[in-house]
Structures are given as structure tokens and as C-alpha cells.
Amino acid sequence: MSAKAEARQLADDELLIVRTFDAPVALVFRIWSQAEHMSRWLGPTEFTCTHCELDFRPGGAWRACIISQAYGESWMGGQYREIEKNRRIVYSFAWDDGHAQPGIETLITVTFAEQDGKTVQTFHQTPFISVEARDSHIGGWSQCFERERTYVETLAREIRP
């Protein structure tokens with residue numbers, strides 16, 4: 001069965017994207033918690049993640065850079081606020097210029113739940129300063145999660161007997 005995707009807005013300053021992956025919860029959680037996995041799927045389709053460092057613990061920082069021919073380097077980072085193994089990650093997110101000049105900070109909550117042997121991942125980001133800013137993230141995150149789906153489902157097939 002193919003992955004099911006849903007993107008909708010809760011309010012003008014919120015974004016919610018739900019995806020279902022044919023992979024166990026522990027594996028989906030793991031690819032969010034380890035840089036060597038996250039760097040394989042982070043960023044929209046035309047981007048490559050060239051830098052990814054995660055201090056995956058509450059209070060720990062994360063930082064990454066994605067790059068494309070059309071847009072050049074895009075740096076981002078933040079801090080982990082809450083981590084509940086295999087269930088939930090809460091972290092801050094801000095774009096920066098690569099020299100630690102952060103933009104407006106948003107809060108991201110990702111939850112993971114098992115349903116019929118698959119993982120339902122719910123991604124929530126808020127607040128956005130405008131509807132346009134929120135909407136500009138829908139396509140990028142959706143492409144990113146499609147890359148995540150391809151990556152995690154490939155890993156899941158490799159580990160299943």
C-alpha cells in the first residue's frame with residue numbers, strides 16, 4: 001500500500017502534515033534522531049543535505065545545511081525541547097544565513113504512532129508570521145517527507161525477513 005499524505009492548515013499560523021509509512025515506529029523515529037539518517041532525506045527534492053549535526057537530547061542543538069543549484073545554501077537550526085522515544089520530538093526551527101544569524105523561530109512537534117503495522121507521523125509547525133510564509137513551507141516539507149518515505153521504507157524492506 002502506498003503512503004498516504006495529508007496537508008492542511010489548522011489556523012493561519014499553523015501547518016499540519018500527516019504521513020503514513022510502511023515502516024516500524026522505532027525505525028521512523030531513529031531516522032529523525034541520527035544525523036547519518038536525517039541527512040539522507042532532509043530537504044526538498046532538488047536539495048542535498050551537506051551538513052547535519054544533531055545533539056539529540058532535550059536542550060541539545062541541531063543544525064543543518066541543504067543546497068541546490070537554483071537556491072544555493074540554506075542553513076537551519078534550533079534546539080530540542082522534548083524527546084519521548086518512539087513517540088514525540090519537539091524542537092525549535094529557524095532559518096539562518098550560515099553564520100548563526102537566525103530568522104524567526106517556529107516550534108515543530110513530530111509525533112509517531114503505530115497503526116496496522118505502519119507508522120503514522122504527524123508534523124505540526126507554528127507560528128508563521130503570515131499565511132504566505134506558512135503556505136511556502138507546504139511544498140518543501142511535503143517533498144522532504146516524500147524523500148523520508150522512500151528512505152525509511154527502503155530501510156524497512158532491508159531489515160524485514
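Everything numeric in this text was worked out from a predicted model, so none of it was measured.
- Atom OG1 of Thr126 is separated from atom CG of Asp12 by 10.5 Å, given to the nearest 0.5 angstrom.
- Here CZ of Arg149 is found 13.5 Å from OG1 of Thr119. Values are rounded to the nearest 0.5 Å.
- Across all non-hydrogen atoms, the minimal contact from Ile17 to Ile138 is CD1-O, 4.3 Å.
- The shortest heavy-atom contact between Thr150 and Thr154 is O-OG1, 2.7 Å.
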CA sep, side-chain torsions, deciding dist, call: His51, Trp75, side chain to side chain contact (heavy atoms under 4.5 Å, CB included): CA-CA 9 Å; His51 177 92; Trp75 285 87; 3.6 Å; yes
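- Ring pair His37/Tyr151 is tilted by interplanar angle, where 30° to 60° counts as tilted.
- Arg81 contributes atom CZ, which lies 14.5 Å from atom CD1 of Ile89 (distance to the nearest 0.5 angstrom).
- Residue Gln69 places its CD atom among 12 or fewer non-hydrogen atoms of other residues, nucleotides or ligands, all under 6.0 Å distant.
- Taking hydrophobic clusters as Ile, Leu, Val, Met, Phe, Trp and Tyr residues chained together by side-chain heavy-atom distances below 4.5 Å, Leu15 does not share a cluster with Val90.
- Taking OG1 of Thr45 as the start and CD of Glu146 as the end, the distance is 8.0 Å to the nearest 0.5 Å.
- In this structure, Ile67 and Glu73 approach most closely via the heavy-atom pair CD1-CG, 3.7 Å.
- Arg63 is listed as a side-chain neighbour of Asp96, based on a closest heavy-atom distance under 4.5 Å.
- Counting heavy atoms from C-beta outward, Asp135 and Phe128 have side chains that stay 4.5 Å or more apart.
- Scanning all heavy atoms of the two residues, the minimum distance from Pro127 to Thr106 falls at O-CG2, 3.1 Å.
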Chi angles and distances behind the side chain to side chain contact (heavy atoms under 4.5 Å, CB included) call for Glu148, Gln121: CA-CA 11 Å; Glu148 177 191 12; Gln121 174 183 291; 2.7 Å; yes
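- In the hydrophobic cluster analysis, where Ile, Leu, Val, Met, Phe, Trp and Tyr join through side-chain heavy atoms closer than 4.5 angstrom, Trp141 is grouped together with Tyr71.
- Taking all atoms of both residues into account, the shortest heavy-atom contact from Val120 to Gln115 is CG2-OE1, 3.1 Å.
- Two residues are said to be in side-chain contact when any heavy atoms from C-beta on lie closer than 4.5 Å; Phe112 and Asn86 fail this criterion.
- Partner of Trp32 under the ring pair (Phe, Tyr, Trp, His ring centres under 6.0 Å) criterion, chosen from Phe56, Trp41, Tyr80, Trp62: Trp41.
- Residues Phe29 and Ile83 are in side-chain contact: their nearest non-hydrogen atoms beyond the backbone lie under 4.5 Å apart.
- Atom CG of Leu27 sits about 10.0 Å away from atom CD of Glu153, to the nearest 0.5 Å.
- Remark: side-chain polar atoms of Ser142 are not paired, donor with acceptor, to backbone N or O of Gly139 under 3.5 angstrom.
- A donor-acceptor contact shorter than 3.5 Å links the side chain of Ser92 to the backbone of Gln79.
- Of the possible donor and acceptor atoms, none in the side chain of Thr122 sits under 3.5 Å from a partner among the backbone N and O of Thr111.
- Taken to the nearest 0.5 Å, the CG atom of Asp13 stands 11.0 Å off from the CD1 atom of Ile129.
- Closest approach of Leu42 to Arg147, counting heavy atoms only: O-NH1, 3.6 Å.
- Ring geometry for Phe93 against Trp95 counts as perpendicular: the plane angle is over 60°, on a 0 to 90° scale with 30° as the lower cut.
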